[in-house]
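Only one structure is covered here, and it is reproduced in the block below.
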Amino acid sequence: MKFSKNRISYVKNPVAKNSFPCLGLSIVSLGLGAAAMYISVTLAGQGGLNTGALGFSSLVFALMSLWYGFLSFREKERNYILARIGASLGGVLVIVWLVIIITGIFR
């Protein structure tokens, strides 16, 4: 039985290469954001520069997660499940941080 070389298996597509950094960056971003929120709540909103640095780092990691998600979706014939999870989490974190920043500016 001969199989053509152009056969596509939709069951066992390899995972996109850039989906691993996408998911990893979004998990790091979630951890940094949770640490910033914890410090801010325990110090009654007087966290200082450390809290701001954690929050800003969380925003940067979430943006980089979105970038790697975009790169992984450009790969052809791959499994995108990890990229979807990472990009979704990164997108939600970016929206949360932008709402927090806008609320802080107009308060």
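Bear in mind the structure is a predicted one, so any value in this text is a computation, not a measurement.
Partners of V92 by side chain to side chain contact (heavy atoms under 4.5 Å, CB included), not counting sequence neighbours, listed by chain and number: V96. Annotation: ring-ring contact (aromatic ring centres under 6.0 Å, His included) contacts of F20 (sequence neighbours excluded): none. Partners of I27 under the side chain to side chain contact (heavy atoms under 4.5 Å, CB included) rule, at least two apart in sequence or in another chain, are L23. Listed by chain and number, the residues in a ring-ring contact (aromatic ring centres under 6.0 Å, His included) with Y80 are F73 (sequence neighbours excluded). F56 pairs by the ring-ring contact (aromatic ring centres under 6.0 Å, His included) definition with nothing, not counting sequence neighbours. For S29, the side-chain hydrogen bond (donor to acceptor under 3.5 Å, both in side chains) partners two or more places apart in sequence, or in a different chain, are S58. Scanning for side chain to side chain contact (heavy atoms under 4.5 Å, CB included) contacts around L98 gives V94, with sequence neighbours left out.
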If you look only at distance, which donor and acceptor atoms sit under 3.5 Å apart when one is on a side chain in residues 38-49 and the other is two or more places apart or in another chain?
from: T42; atom 1: OG1; to: Y38; atom 2: O; distance (Å): 2.9
from: T42; atom 1: OG1; to: I39; atom 2: O; distance (Å): 3.1

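Cluster membership check: I100 shares its hydrophobic cluster with F106, using side-chain heavy-atom separations under 4.5 Å among Ile, Leu, Val, Met, Phe, Trp and Tyr. L93 and I95 are members of different hydrophobic clusters when ILVMFWY side chains are connected at heavy-atom separations under 4.5 Å. Under the 4.5 Å side-chain heavy-atom criterion for grouping Ile, Leu, Val, Met, Phe, Trp and Tyr, I85 is not connected to L32 through any hydrophobic cluster. Side-chain heavy atoms closer than 4.5 Å link hydrophobic residues (I, L, V, M, F, W, Y) into clusters, and following such links, possibly through other members, connects L25 to W67.
The minimum heavy-atom distance between C22 and A87, with the atom names listed, is SG-N, 3.5 Å.
Residues L54 and N50 have side chains not in contact (no heavy-atom distance under 4.5 Å, counting atoms from C-beta outward).
Side-chain N or O atoms of S65 include none that pairs as donor or acceptor with a backbone N or O of F61 at under 3.5 Å.
Legend: salt bridge (charged side-chain N to carboxylate O under 4.0 Å, His left out) pairs involving residues 78-91, not counting sequence neighbours, sorted by first then second residue: E75-R78. For residues 42-71, there are no salt bridge (charged side-chain N to carboxylate O under 4.0 Å, His left out) pairs, not counting sequence neighbours.
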